[in-house]
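Everything below concerns the one structure shown next.
Each chain gets a letter, A, B and so on, in the order its sequence line appears, and its residues count up from 1.
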Number of protein chains: 2
Amino acid sequence: MTMSNTGGRRRPPTIHDVAREAGVSRGTVSRVLNGGHYVSPAAQEAVNAAIRRTGYVVNRHARSLITGRSDSVGFLLTEPQERFFEDPNFNVLLRGCTQALAAHDVPLLLMLAGTEDERRRITRYITAGHVDGVLLVSSHSGDPVAEELRAAGVPLVACGKPIGLGSKVSYVAADDRDGARDMVRHLLSLGRRRVGVVTGPLDTPGGVERLAGYREVLGEAGVAVDERLVVPGDYSRASGEAGAERLLAQAPDVDAVFVASDLMAQGVLAALQRAGRRVPEDVAVGGFDDSPAAVAASPELTTIRQPWDRISAEMVRVLLAQIGGDDPAAVILPTELVKRDSA
Amino acid sequence: MTMSNTGGRRRPPTIHDVAREAGVSRGTVSRVLNGGHYVSPAAQEAVNAAIRRTGYVVNRHARSLITGRSDSVGFLLTEPQERFFEDPNFNVLLRGCTQALAAHDVPLLLMLAGTEDERRRITRYITAGHVDGVLLVSSHSGDPVAEELRAAGVPLVACGKPIGLGSKVSYVAADDRDGARDMVRHLLSLGRRRVGVVTGPLDTPGGVERLAGYREVLGEAGVAVDERLVVPGDYSRASGEAGAERLLAQAPDVDAVFVASDLMAQGVLAALQRAGRRVPEDVAVGGFDDSPAAVAASPELTTIRQPWDRISAEMVRVLLAQIGGDDPAAVILPTELVKRDSA
DNA sequence: CATGCTTCTGTGAGCGTTCACAGTAGAGAA
DNA sequence: TTCTCTACTGTGAACGCTCACAGAAGCATG
């Protein structure tokens with residue numbers, strides 16, 4: 001435990017020092033450092049002891065210089081950053097990725113590409129090989145950065161299915177469609193038959209899939225889809241409020257609403273209450289995300305939980321595999337219905 | 001704009017390639033890269049053109065290997081992470097630091113040291129010189145990590161004044177005392193004379209300073225400090241609620257409360273309303289932080305805004321200066337009174 | 001003319017690793 | 001014995017850059 005680094009910040013020990021201390025060669029120390037194959041138990045032990053005694057830590061720059069790897073990955077956030085940073089799910093994602101990477105001793109570089117300038121700088125930085133791979137989080141997919149990185153051959157894992165990149169790029173996503181199906185089935189199971197939907201933006205996979213799930217379940221249940229019950233939203237609270245108003249106007253007999261995000265659902269609740277409808281007695285409301293907005297709402301929202309902790313873990317796993325040479329892969333994770341008071 | 005990197009991922013150009021292309025030596029290219037002193041305009045231009053033509057990007061590992069610098073800094077978060085990630089101010093801080101660093105082309109490594117194990121690993125990583133400096137965010141100060149890093153001579157800037165490290169470590173903080181003074185003065189200016197306070201945890205500088213500001217202003221105004229008007233809190237909403245109840249019991253004639261955080265202030269509002277006191281008519285309430293909780297509360301909170309955007313910018317400035325050889329420095333930034341409906 | 005100073009340029013060395021290769025030693029087979 | 005195979009070890013050569021130094025050229029000064 002003596003760090004032998006008392007006082008004035010000396011030159012840190014190198015692999016050479018360790019080799020001398022252990023009475024072996026650089027090569028042997030290096031082999032121990034890199035998995036210990038073809039090393040005798042005696043040498044193994046001597047080297048480990050020497051490392052402990054000298055407090056040696058590998059110089060990653062020297063290693064990277066020769067291996068060409070950087071042993072670090074970037075966490076890239078493109079587009080309007082405020083929105084992401086305010087999203088608690090994003091925080092879970094960032095924290096999860098950091099921790100999962102830390103378990104592999106891989107540092108995470110946080111990169112924000114808000115402006116066009118930053119995007120260029122960061123793309124350049126990444127394609128120059130300063131990171132081995134990128135965890136990509138972008139809101140509206142079909143991101144030009146993603147395409148550039150893919151073209152440059154940089155290992156890449158997106159959060160959520162990117163639009164328009166085919167199966168060339170890995171991604172990890174929650175099963176939006178299945179989550180939507182669960183929720184709509186739940187609403188039907190409550191005896192509701194006039195189930196409306198406030199969709200997400202239909203240029204995002206999430207928006208599309210959640211709507212598709214809605215349509216599927218109604219179809220399977222033999223309930224005709226009334227297009228007056230389908231109104232668009234953009235995930236914002238305000239759009240939820242507007243959506244509910246439109247729904248009430250177009251189909252006053254609505255008795256349940258599946259809302260594609262909790263934030264919108266808050267708006268829906270407000271509009272319904274203003275219109276004198278009781279929730280859940282008159283109209284049942286189902287959200288999506290299980291964000292804090294869900295418990296902050298009154299009544300508390302029944303919603304769909306996305307497994308953000310697993311998503312981050314999977315993103316890291318897939319990325320590291322890809323850096324290791326594996327092919328791109330898509331991972332879809334199941335969601336969970338969280339029953340509270342609104343339905 | 002032709003990246004000349006079409007197709008199969010070739011070996012990236014080195015400084016050698018640029019030198020040959022420009023018809024000069026490695027040394028000259030290197031000089032251009034590092035500020036361009038002692039380089040003729042002609043050579044300067046030739047090198048820049050060659051860089052553009054080849055798409056050269058410096059290999060940071062090779063550079064770091066020889067300079068001993070890593071040209072990156074760590075953003076270190078110690079202790080309970082959930083609390084931080086849920087704090088929007090923290091998000092502003094993280095984003096601000098990332099952007100300020102990006103302006104200097106310095107990548108930020110996000111490091112979370114929740115467990116003892118992680119702390120050891122990260123301390124080791126940092127002291128091994130893998131980052132040039134550390135931006136430290138820890139809740140309860142007097143952090144052992146801070147002391148270790150300081151002892152190891154790692155440039156360090158803390159967010160908020162660290163307790164017990166004397167003036168040996170740089171920090172950037174909002175002027176808690178002055179913010180508290182502003183708020184209490186404001187409450188007095190409304191004609192209130194029985195001004196209570198719910199303090200923050202008194203093992204944090206913020207908690208101590210805000211209380212000190214409260215006492216000072218009352219003293220200056222010639223209002224005797226009644227200790228029954230001073231109740232402790234821990235920044236949590238629940239502790240605000242409990243604090244208000246205690247206040248009402250000990251000093252029923254209280255006509256204003258300075259609460260050391262917005263979250264606690266939410267609790268205070270709830271307790272006051274439950275007790276039948278109107279805000280701000282019967283009791284004026286002032287918060288601290290200007291967090292989203294402030295506008296989410298009803299009535300909306302009058303509060304003290306901390307300049308988080310400037311704090312992050314200053315932290316980066318001080319850290320880079322320190323890495324450049326400057327001595328540690330403390331920066332105190334002014335706060336701002338935000339008047340809303342609660343006072 | 002020598003001397004010094006300033007501005008600019010090229011060269012060799014070396015940063016701390018890993019990797020390829022060339023050994024060496026011991027075991028088993030011919 | 002001699003050969004081959006396996007397990008292990010040491011050594012030189014990179015990797016791409018910066019730094020110190022040496023030198024060249026230009027110009028003023030003694």
Side-chain angles (χ1 to χ4, degrees), chain A residues 9-48 50-51 54-72 105 125 127-130 132 324, chain B residues 9-48 50-51 54-72 105 124-125 127-132 324:
Chain A
R9 206 148 172 56
R10 254 206 320 284
R11 189 175 67 66
T14 73
I15 202 173
H16 233 114
D17 300 326
V18 175
R20 189 164 9 85
E21 182 81 16
V24 298
S25 73
R26 286 176 2 252
T28 300
V29 177
S30 177
R31 274 184 288 266
V32 170
L33 254 32
N34 295 283
H37 297 302
Y38 288 93
V39 180
S40 67
Q44 179 90 248
E45 181 45 44
V47 169
N48 282 328
I51 288 177
T54 53
Y56 170 78
V57 178
V58 62
N59 181 324
R60 297 171 95 110
H61 301 306
R63 172 182 285 173
S64 295
L65 181 55
I66 186 152
T67 60
R69 284 174 285 117
S70 74
D71 292 322
S72 65
D105 213 37
Y125 183 90
T127 52
H130 292 320
D132 294 341
Chain B
R9 206 145 171 59
R10 254 206 319 285
R11 190 176 66 66
T14 74
I15 201 172
H16 233 113
D17 300 324
V18 176
R20 189 164 10 84
E21 183 82 15
V24 298
S25 72
R26 288 174 1 252
T28 300
V29 177
S30 177
R31 275 183 287 265
V32 170
L33 254 33
N34 294 283
H37 298 301
Y38 289 94
V39 181
S40 67
Q44 180 90 249
E45 182 43 45
V47 169
N48 282 328
I51 288 177
T54 55
Y56 171 78
V57 178
V58 60
N59 181 325
R60 297 173 95 108
H61 301 305
R63 173 182 285 174
S64 295
L65 182 54
I66 185 151
T67 60
R69 283 174 285 117
S70 74
D71 292 323
S72 65
D105 213 38
R124 201 176 166 79
Y125 184 89
T127 51
H130 293 319
V131 293
D132 294 340

Legend entry - Side chain of Tyr38(A) (C-beta onward), nearest among dT18(D), dG10(D), dA7(D): dA7(D)

Legend entry - Side-chain donor/acceptor of Arg11(A) to base of dG16(C), under 3.5 Å: no

Legend entry - Rounded distance in Å - CD (Glu45(A)) to P (dC8(D)): 15 Å

Inset, instruction - Could you please name the option among dT18(D), dT18(C), dG16(D) that lies closest to any side-chain atom of Ile15(A)? - result: dT18(C)

Inset, instruction - Quickly work out the Leu33(A) CG to dG16(C) P distance and round it to whole Å. - result: 15 Å

Legend entry - Between P of dG16(C) and OH of Tyr56(A), the distance in whole Å: 10 Å

Inset, instruction - Using whole Å, report how far CZ of Arg63(A) lies from P of dG16(D). - result: 18 Å

Inset, instruction - Can you tell me the distance, in whole Å, between the NE2 atom of His61(B) and the C1' atom of dC17(D)? - result: 12 Å

Legend entry - Where Ala50(A) and Glu21(A) come nearest, the two heavy atoms and their spacing: CB-CG, 3.7 Å

Inset, instruction - Calculate, to the nearest 0.5 Å, the distance between atoms OG and CZ belonging to Ser64(B) and Arg60(A) respectively. - result: 12.5 Å

Legend entry - Check: Arg26(A) side chain, dT11(D) base, donor-acceptor under 3.5 Å: no

Inset, instruction - Could you point out which residue of Ile15(A), Leu33(A), Val58(A) forms a side-chain contact (heavy atoms from CB on, under 4.5 Å) with Ile51(A)? - result: Leu33(A)

Legend entry - Check: Thr67(B) side chain, Arg63(B) main-chain N or O, donor-acceptor pair, under 3.5 Å: yes

Inset, instruction - Would you indicate, yes or no, if dC17(D) has its OP1 or OP2 atom less than 4.0 angstrom from a side-chain nitrogen or oxygen of Ser30(B)? - result: no

Legend entry - Atom-pair distance (CD1 on Ile66(B); P on dA14(D)), nearest Å: 18 Å

Legend entry - Lys/Arg-Asp/Glu bridge criterion (N-O < 4.0 Å) met for Arg26(A), Asp17(A): no

Legend entry - Any N/O donor-acceptor pair, Arg31(B) side-chain to dG10(C) base, under 3.5 Å: yes

Inset, instruction - State whether Ser64(A) places a side-chain N or O below 4.0 Å from either non-bridging phosphate oxygen (OP1 or OP2) of dC15(D). - result: no

Inset, instruction - Verify the contact: side-chain N or O of Thr14(A) to OP1 or OP2 of dG16(C), cut-off strictly under 4.0 Å; return yes or no. - result: no

Inset, instruction - Give the rounded distance in Å between these two atoms: CG of Leu65(A) and P of dT18(D). - result: 12 Å

Inset, instruction - For dT18(C), take OP1 and OP2 only and decide whether either is under 4.0 Å from a side-chain N or O of Asn34(A). - result: yes

Inset, instruction - Establish, with yes or no, whether the OP1 or OP2 oxygen of dG10(C) is under 4.0 angstrom from a side-chain nitrogen or oxygen of Thr28(B). - result: yes

Inset, instruction - State, with a plain yes or no, whether a side-chain heavy atom of His61(A) is found less than 4.5 Å away from one of Leu65(A). - result: no

Legend entry - Of Ala43(B) and Ala62(B), the one whose closest DNA chain C nucleotide lies more 5': Ala43(B)

Inset, instruction - Can you tell me the distance, in whole Å, between the NE2 atom of His16(B) and the P atom of dT18(D)? - result: 13 Å

Inset, instruction - Report the nucleotide, chosen from dT17(C), dG14(C), dT9(D), that has the shortest atom-to-atom distance to any side-chain atom of Val39(A). - result: dT9(D)

Inset, instruction - Would you indicate, yes or no, if dT18(D) has its OP1 or OP2 atom less than 4.0 angstrom from a side-chain nitrogen or oxygen of Thr67(B)? - result: no

